[in-house]
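For reference, the structure is listed below as structure tokens.
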Amino acid sequence: MAAPSKPKLAVWKFSSCDGCQLQLLSCEDELLAVAGAVDIAYFLEATRAEIRGPYDVSLVEGSVTTPEEAERIRKVRRQSKLLITIGACATAGGIQALKNFKDVDGFIRSVYAHPEYVETLATSTAIRDHVDVDFELRGCPINKAQLLEVLNALLNDRKPNVPPHSQCIECKLAGTVCVMVAHGTPCLGPVTQAGCGNLCPSFRRGCYGCFGPKQTTNTESLAKRFATLDMDERSIKHFFRSFNANAAAFRRESETHE
Amino acid sequence: MTAKQSPLQKASIIDVQTLDDLISTLAHAGYQVIGPRKQDDAIVYDTLRSAGDLPVGYADEQDGGKYRLVKARDGIYFDYVVGPQSWKRFLFPPHQKICQMRKQGKAFRIVEETAEPPCYAFFGVRACEIAAMKVQDKVFDNGTFADPGYLGKRNAAFIVAVNCGRAGGTCFCASMNTGPRAQGGFDLALTEIVEKKRHVFLIEAGSVRGSEILAKIPRRAATGEDTAAALAATDRAVKGMGRKMVEDVGPLLKRNLEHARWGEVAKRCLTCANCTMVCPTCFCSTVEDVTDLSGSNAERWRRWDSCFTMDFSYIHGGAVRRETSSRYRQWMTHKLSSWFEQFGTSGCVGCGRCITWCPVGIDITEEARAIWESEGRR
């Protein structure tokens, strides 16, 4: 009897810094096991070898910021049984979605000597805005443990343990003292999805919202709280407008502080 | 002797230096001593090696959404009250492995584990926290189901209570009849007596093993003057109680399941779940299965969950409690009202943690009062 064929995995890059796909290479101890469990068919950051599609699983990093990318993501979707987006760029448009709030033509004219060479869209958008996505892995960057968990769940035909609850739950599970209540440090934790391993609060810093809005958010109430912690309107706007600026809940809140 | 003084009949007095003897005696008796420690500008519960680890001279200022640890009276051991953590962290840990499984052909086999439960001595347990343990006892050993992991740790645990001589800004144990003086449920109970010319602890034994430990440390019998001083300390805490729960809150909420206040609190509620995480009686959990990549080994883990998440009420077709108002109502009515029907007791002990650690300072006593006043009461 032939051995069951291993799932073919592809890793795709759109507009991004490569930090999320690097997390796969950062798996180190587990990397050989992953490489043994799947056929890495397309992963230019790791190998020049390419195996043609279709692919069982595509991990997609980056956002759509050019007409070429808007076309290419459709091709990736057509070749992929499962499409999993990884990171804030792919799931919300990333830090480059800051351009969504500004006049992009103005930027191009002031930065580039030959603006006619630059072909870009007015917005940076999530992959979900262009094609159907089967699972989203949040973070800037993603947490490698969560990436392994998703691949592991996939290989074992089970539900991934990636809860969409608040960063606060992650802090409380870990026993981290709340930086906002105990120190008065503004923190996006109550509206942000868990997953980073409560990194910033465990170093006495407020959450920056790298994992984007949690399942149900009340940004308005939290913003009112920030105002009592001596944050002015501009700071509140900037707080919600970072790596997940274009995620709906954060975008709406930042716009109310324009 | 009045009934009020009777629990203190067999009390003793120890010097402040003797606290260290008490901790080392417990350690020698085989207990892992856990007590209050200062960490990240808050009082948390962690391993105590000696009385030197205790956060001496600190007090906490607590209000809705606010906690500040401040330098207070020099040399005083227990001027602070409860912090963000509770003893549930040890008896009902945030993550707990339920079982381990190994693949065998097409079936699997449960790997037997025979670890002895840890033997804790909880040092500095407040009256509200003892009440919270008694509430969780009814959850984890309710006559129909018993949780052996919880019970193993609970039955082994040695409780050194501390009667509060000061109440925090969000405390309301007096109106929940759970404190500030511990009424049983401890092995030993301390009351700090701070007067101009002396600083001692009154210590009472509440069990045989408590008496046995007490017999090993230097002490003298308490006089009537000592017991009066100890009772005066907890009376001061009663007078300084920061909050108060309205009377008959259970029936009140039951009458008001439809009320405008639920929608009003939902505008402030972040559904972040902090209140349930810090609550010493909240017991909800979910179960997660993990595997290794090959699928040869699997583990089943229990993790704290909260009625404030959507996943909590997810069933076929979606989450049952989608609105924030319905989730807040579920939590508050369970805690203060339907808990009586389920477990024969209140689910709230008046520790005030949910008020302090709510990032936007939602106050369960204020929410109850708003509904109470809407019925024309004062």
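Order of the sequence lines fixes the chain letters, A, B, ..., with proteins taken first and strands second; residue numbering starts at 1 for each chain.
- Residues S221(A) and K267(B) come closest through the heavy atom pair CB-O, 3.5 Å.
- Proximity to chain A (any heavy atom under 4.5 Å) is shown, for V360(B), by both the backbone and the side chain.
- Side-chain N or O atoms of R225(A) include one that pairs as donor or acceptor with a backbone N or O of G65(B) at under 3.5 Å.
- Around CD of Q96(B), the count of heavy atoms belonging to other residues, nucleotides or ligands within 6.0 Å exceeds 12.
- The candidate with the highest count of non-hydrogen atom pairs below 4.5 Å against chain A, out of T309(B), L69(B), V278(B), N274(B), is N274(B).
- Interface summary for chain B: among T192(A), L155(A), N156(A), the most heavy-atom pairs under 4.5 angstrom belong to N156(A).
- Side-chain contact between Q215(A) and D311(B): present, with at least one pair of heavy atoms (C-beta onward) separated by less than 4.5 Å.
- Remark: E255(A) CD is packed, more than 12 non-hydrogen atoms of other residues, nucleotides or ligands lying under 6.0 Å away.
- Going from atom NZ of K172(A) over to atom CZ of R89(B) covers 10.0 Å, rounded to the nearest 0.5 Å.
- Rounding to the nearest 0.5 angstrom, the gap separating the NZ atom in K214(A) from the SG atom in C272(B) is 7.0 Å.
- For the set V44(B), T324(B), V290(B), D60(B), the count of heavy-atom pairs under 4.5 angstrom toward chain A peaks at V290(B).
- Heavy atoms of V179(A) lying under 4.5 Å from chain B are absent altogether.
- Atom CZ of R300(B) is surrounded by 12 or fewer heavy atoms from other residues, nucleotides or ligands within 6.0 Å.
- Counting heavy atoms from C-beta on, the side chains of D41(B) and R204(A) come closer than 4.5 Å.
- Residue-environment remark: NZ (K237(A)) exceeds the threshold of 12 foreign heavy atoms within 6.0 Å.
- In this structure, V177(A) and P84(B) approach most closely via the heavy-atom pair CG2-CG, 4.4 Å.
- If you measure heavy-atom distances from E288(B) to chain A, the contacts under 4.5 Å come from both the backbone and the side chain.
- Atom CZ of R109(B) has more than 12 neighbouring heavy atoms from other residues, nucleotides or ligands inside a 6.0 Å radius.
- Other residues, nucleotides and ligands contribute at most 12 non-hydrogen atoms within 6.0 Å of the NZ atom of K66(B).
- With rounding to the nearest 0.5 Å, the separation of SG in C168(A) from CE in M277(B) is 10.0 Å.
- Residue contact with chain A, scored on non-hydrogen atoms closer than 4.5 Å, is absent for T276(B).
- For L222(A), the parts sitting under 4.5 Å from any heavy atom of chain B are the backbone and the side chain alike.
- Contact count versus chain B (heavy atoms, under 4.5 Å) is highest, among V181(A), L151(A), V34(A), N218(A), for V181(A).
- Side-chain contact of T291(B) with N152(A): a donor-acceptor pair under 3.5 Å is present, judged by distance alone.
- With a threshold of 4.5 angstrom between heavy atoms, A174(A) approaches chain B through N, CA, C or O but not through any side-chain atom.
- Between D40(B) and H183(A), the shortest heavy-atom distance links the atoms O-NE2, 2.9 Å.
- Under 3.5 Å, the side chains of T216(A) and R327(B) contain a donor-acceptor pair of N or O atoms.
- Contact annotation for A266(B): only backbone heavy atoms (N, CA, C, O) come within less than 4.5 Å of a heavy atom of chain A.
- To the nearest 0.5 Å, atoms CG (L148(A)) and CG (D292(B)) are separated by 12.0 Å.
- Distance CG/L173(A) to NE2/H95(B): 5.0 Å, rounded to 0.5 Å.
- Residue with the most contacts toward chain A among Q62(B), Q39(B), R68(B): R68(B) (heavy-atom pairs, distance under 4.5 Å).
- The distance from the CG atom of N161(A) to the CG atom of D289(B) is 7.5 Å, given to the nearest 0.5 Å.
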